[in-house]
Amino acid sequence: AQLITKVFRLVKKIYLKYTHLSAIISYYSLLLLFLFFNLQTLRVNLAFEFIATMIQVSPLLLFVKGLHVLHSRSIIWLCFLSLIYFVHGAMNALSGTYSAFGWGEIIFSLQLFISLAICASSYKKTKSTA
């Protein structure tokens, strides 16, 4: 029974490691998507676009430390926040003008949401069995 428990904990830790890695990759992909999109569509000047980008990604930047150290509250709040970016991406995808950006935002925010939800669930189970 102890061997089964050790194997179960090892599988959960590996599972948590890969979902956490997926969450980090999708998090930074979403940040880079905003940066590249806003710099690609330069309308006024570089300073204005940089400020607009910082306003758009500032809610994501609040949770960077909690994501890396696997803080459960930060993971859960970032999971909820990714749904806002999903809705924003859906509106952009349906607008026609920014559809490529919208689909990219949908994909990365959905990947972030799913990986964070699985990560929070497996982290909670790993912590309760430890």
Side-chain angles (χ1 to χ4, degrees):
Q2 289 178 347
L3 181 63
I4 293 172
T5 307
K6 286 181 182 179
V7 169
F8 180 71
R9 286 184 190 157
L10 181 65
V11 168
K12 284 292 184 186
K13 287 182 182 178
I14 292 172
Y15 190 62
L16 179 62
K17 178 182 167 184
Y18 286 125
T19 56
H20 186 231
L21 182 64
S22 175
I24 289 173
I25 290 171
S26 59
Y27 176 82
Y28 285 112
S29 298
L30 193 60
L31 286 175
L32 287 175
L33 179 74
F34 273 102
L35 181 68
F36 288 142
F37 176 74
N38 285 333
L39 291 180
Q40 177 193 12
T41 59
L42 273 172
R43 288 170 286 211
V44 180
N45 61 14
L46 187 62
F48 177 75
E49 290 297 324
F50 185 72
I51 291 171
T53 303
M54 290 308 295
I55 290 171
Q56 287 177 338
V57 298
S58 62
L60 284 174
L61 295 176
L62 294 173
F63 300 105
V64 69
K65 183 179 177 185
L67 176 65
H68 284 283
V69 298
L70 211 60
H71 188 257
S72 60
R73 282 189 183 168
S74 295
I75 289 172
I76 292 169
W77 277 105
L78 186 57
C79 194
F80 290 134
L81 183 65
S82 68
L83 293 176
I84 295 171
Y85 286 97
F86 175 79
V87 171
H88 183 259
M91 289 185 339
N92 280 333
L94 295 175
S95 73
T97 307
Y98 304 120
S99 65
F101 167 68
W103 282 108
E105 191 176 0
I106 287 172
I107 290 168
F108 291 136
S109 63
L110 192 60
Q111 180 185 359
L112 181 65
F113 174 76
I114 291 171
S115 60
L116 285 174
I118 294 170
C119 189
S121 174
S122 62
Y123 180 70
K124 186 176 179 182
K125 289 178 185 176
T126 304
K127 207 159 189 189
S128 65
T129 59

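Note that the coordinates shown come from a computational prediction; the quantities given were computed from them, not determined experimentally. Basis for what follows: all heavy atoms, side chains included, without hydrogens, waters or symmetry-related copies.
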> Sequence neighbours excluded, which residues qualify as side chain to side chain donor-acceptor pair (under 3.5 Å) partners of Ser26?
Replying inline: none

> To the nearest 0.5 Å, how far apart are CD1 in Ile106 and CG in Leu30?
Replying inline: 11.5 Å

> For Phe86, what residues pass the ring-ring contact (aromatic ring centres under 6.0 Å, His included) criterion, not counting sequence neighbours?
Replying inline: none

Tell me which donor-acceptor pairs under 3.5 Å the side chains of residues 75-83 have, and how far apart each pair is, sequence neighbours excluded?
from: Ser82; atom 1: OG; to: Cys79; atom 2: O; distance (Å): 2.7

> What distance separates Met91 CE from Tyr98 OH, expressed to the nearest 0.5 Å?
Replying inline: 12.5 Å

> Which residues satisfy the ring-ring contact (aromatic ring centres under 6.0 Å, His included) test with His68, sequence neighbours excluded?
Replying inline: Tyr28

>> Going by the rule side chain to side chain contact (heavy atoms under 4.5 Å, CB included), which residues pair with Ile25 if we only count those two or more places apart in sequence or in a different chain?
In response: Leu21, Ser29

>> Measuring from atom CG of Leu33 to atom CH2 of Trp103, what distance do you get when rounded to the nearest 0.5 angstrom?
In response: 14.0 Å

> Going from OG on Ser121 to CG on Leu116, what distance comes out if it is rounded to the nearest 0.5 angstrom?
Replying inline: 12.0 Å

> What residues, two or more places apart in sequence or in another chain, satisfy ring-ring contact (aromatic ring centres under 6.0 Å, His included) together with Phe113?
Replying inline: none

>> Under the rule for ring-ring contact (aromatic ring centres under 6.0 Å, His included), what residues qualify as partners of Tyr85, not counting sequence neighbours?
In response: Phe34

> Can you name the side chain to side chain contact (heavy atoms under 4.5 Å, CB included) partners of Leu61, sequence neighbours left out?
Replying inline: Tyr27, Leu31, Met54, Val57

> Can you find a heavy atom in the side chain of Cys119 that is under 4.5 Å from one in the side chain of Leu16?
Replying inline: yes

> Apart from Ile51 itself, what residues make up its hydrophobic cluster, given side-chain heavy atom links below 4.5 Å?
Replying inline: Ile55

> Which heavy atom in His20 sits nearest to a heavy atom in Leu67, and how many Å separate them?
Replying inline: NE2-O, 2.5 Å

> Can you tell me how far CG of Asn92 sits from CD of Glu105, rounded to the nearest 0.5 angstrom?
Replying inline: 6.0 Å

